[in-house]
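To start, the structure under review is shown below, and the notes come after it.
In listed order, ligands and their atoms are each counted from 1.
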Amino acid sequence: MDLLAGAPARLPLAHLPTPLWHSDALDAFVGTEVWVKRDDMTGGADAGNKLRKLEYLLAEAKLRGANVVLTCGGEQSNHARATAIAAREQGMRSVLFLRRSSKKPPPVVANVFLDRLVGAEINFISGEQYADRDALMAAVAESLEAGGDRPYIVPEGGSNGLGTLGYIECMAETRRQLDAGFANGPEPFDTIVSACGSGGTSAGLGLGAAAFNVAPRVDAMAVLSTREDFEARIAALQTDARKLLPGLEDSAEIVVHDAYKGPAYAVPSEEQLGFIIELARRTGLVLDPVYTGKAMFGLARMPDKPKRVLFIHTGGLPGLLAETRRFGNL
Ligand SMILES: *Cc1c(COP(=O)(O)O)cnc(C)c1O
C-alpha cells in the first residue's frame, strides 16, 4: 500500500535519499549503536531538515500562484535561510521576520548573510513582536496582496500539518533503505533521536515511523520550552497532518526531553561545547550548538540508552559558523 500516493503536491527540492551514516568511533563515544540520517545533506546552501517540509509548503505556494513567501524565525534561523533560498530557486521573493533582542544592526554573517545574498527582505523584530508573529505576517501579507502581490505564509519552522508530511516521507525513504539492506536492515531501530525546535520534524517522524515500521519510539530533544508544551504541539501537528493524509496509523511513542536544552535557546553549556568539539575530533561528524549538538548530547547522557538508534542530523552548519566565538581558541 502506498500511503503517500494520495499526498498533496510535492516539489523535488531536496537531494534524496540522504545517506545512513555509521562510525564505530561515534558508537564508542555515544555508548550505543547510532545510525545517522544525514539530512544535513539534503541540499547545498539550503540544506537541512527544513527542505523536506518546504517540498510540500512551496509546492502549495506555487499551486496558489504565489510570488512572495513570508516566514519567521530566530535571528540565525536555518528555516528562514532555507526558505529564502528555495523560494528564490522557485522564482519567488521572500520576506523574513527574524527575532532579535538588540536594536543594533545585526552582524551580516552565516544564515543572515545567505538570506541577504539571495535578496531576501529581512525585518528584525523584537521578542514581543515575535510573540504575535502569525498576526504580523498575516497583516503584511494582506498589504502585499493589496499592492498586487500573491503572498504565501510559511509558519515558524515550516511546522504545520503540510510541512509535517516531509518527515513522514523521510520515514518512507528510510524504510526503503532498510529493506535494501542499509543500516543492517530490515530490522527497525529501537528509537529515533532528533532535535526539536518547532515540533514538525518530531511530529512527522512519529507518524512516519509507525506507518513504515522504522521505530516504535521517537526521542524529541527540545532545544527550548518544556516537555508539556512540545507534547501538545506535536499532537496538534499530527492531528493536522492526518487530515491531509488519511490512512495514517497511530504515532510511534513520542518522548520529549527538556533536560538537555542547555542554558537557553541557541546557548550551549560549557559541557555541550566540549562534547561537540570532542565528537568532531573523534568522528569527523560536525554538529551545531543550537540543535544537533544538544540532541546528540542528550542521547549520550540518556539513562537506559536504546540499543539501536537512528539519529536525524537535521543540519544547522550556518548556525555553528555564526557561533564560532563561543568555541574559544581551538
Ligand atoms: C529547525 C531545526 C530543527 C528543529 O526542527 P523542528 O521541526 O522545528 O522541531 C532541528 N535542527 C536544525 C538544524 C534546525 O534548523
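- Cation-pi check for Lys50 over Tyr291 is met; the charged atom lies under 6.0 angstrom from the ring centroid and within 45 degrees of its normal.
- Considering backbone and side-chain N/O atoms, Asp288 never comes within less than 3.5 Å of an N/O atom of ligand 1.
- Judged by distance alone, the side chain of Glu253 and the main-chain N or O of Arg217 form no donor-acceptor pair under 3.5 Å.
- The N/O atoms of Gly315, backbone and side chain alike, include none that comes under 3.5 Å of an N/O atom in ligand 1.
- The pair Glu33-Lys305 does not meet the salt-bridge criterion, since no charged nitrogen lies less than 4.0 angstrom from a carboxylate oxygen.
- The shortest N or O to N or O distance between Ser202 and ligand 1 is not below 3.5 Å.
- For atom 9 (O) of ligand 1, the nearest protein heavy atom (residue, atom name, distance) is Gly197 N, 2.7 Å.
- Some N or O of Lys53 is nearer than 3.5 Å to an N or O of ligand 1, by distance alone.
- Looking at ligand 1, you won't find any N or O of His79 less than 3.5 Å from one of its N or O atoms.
- Side-chain atoms of Thr71 come within 3.5 Å of backbone atoms of Val154 as a donor-acceptor pair (strictly under, hydrogens ignored).
- Between Tyr291 and ligand 1, a contact under 3.5 Å exists for no N or O pair.
- Heavy-atom proximity to Gly200, at under 4.0 Å, picks out these atoms of ligand 1: 7 (O).
- Near Ser198, the atoms of ligand 1 lying under 4.0 angstrom from a non-hydrogen atom of the residue are 6 (P), 7 (O), 8 (O), 9 (O).
- For the pair Arg99 and Phe124, the cation-pi test (distance below 6.0 Å, angle within 45°) is failed.
- With hydrogens and angles left out, the side-chain atoms of Asp39 and Tyr167 include a donor and acceptor closer than 3.5 Å.
- The distance from ligand 1 to the heavy atoms of Cys196 drops below 4.0 Å at these ligand atoms: 9 (O).
- Taking a cut-off of under 4.0 Å to the non-hydrogen atoms of Thr314, the atoms of ligand 1 that pass are 10 (C), 11 (N), 12 (C), 13 (C).
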Could you walk me through whether Phe275 and Phe29 satisfy the ring pair (Phe, Tyr, Trp, His ring centres under 6.0 Å) test, starting with their C-alpha distance in whole Å, then the side-chain angles of each, then the deciding distance to 0.1 Å, before giving a yes or no?
CA-CA 10 Å; Phe275 178 87; Phe29 188 62; 5.2 Å; yes

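- Taking every non-hydrogen atom of Gly316 and a distance limit under 4.0 Å, the qualifying atoms of ligand 1 come out as 13 (C).
- With hydrogens and angles ignored, the 3.5 Å screen pairs a side-chain donor or acceptor of Lys294 with a backbone N or O of Val267.
- Put simply, part of Asn49 is less than 4.0 Å from ligand 1, judged by heavy atoms.
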Check residues 109-121 and write down every donor-acceptor pair under 3.5 Å in which the side-chain atom is one partner and the other belongs to a residue at least two apart or another chain.
unit_1: Asn111; atom_1: OD1; unit_2: Arg81; atom_2: NE; d: 2.6
unit_1: Asn111; atom_1: ND2; unit_2: Gln76; atom_2: O; d: 3.1
unit_1: Asn111; atom_1: ND2; unit_2: Gln76; atom_2: OE1; d: 3.3
unit_1: Asn111; atom_1: ND2; unit_2: Asn78; atom_2: OD1; d: 3.0

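- Ligand 1 lies out of reach of Gly48, whose nearest heavy atom is not under 4.0 Å from it.
- For atom 2 (C) of ligand 1, the nearest protein heavy atom (residue, atom name, distance) is Lys50 NZ, 2.4 Å.
- Looking at Lys243, its side chain never comes within 3.5 Å of a backbone N or O of Gln238 through a donor-acceptor pair.
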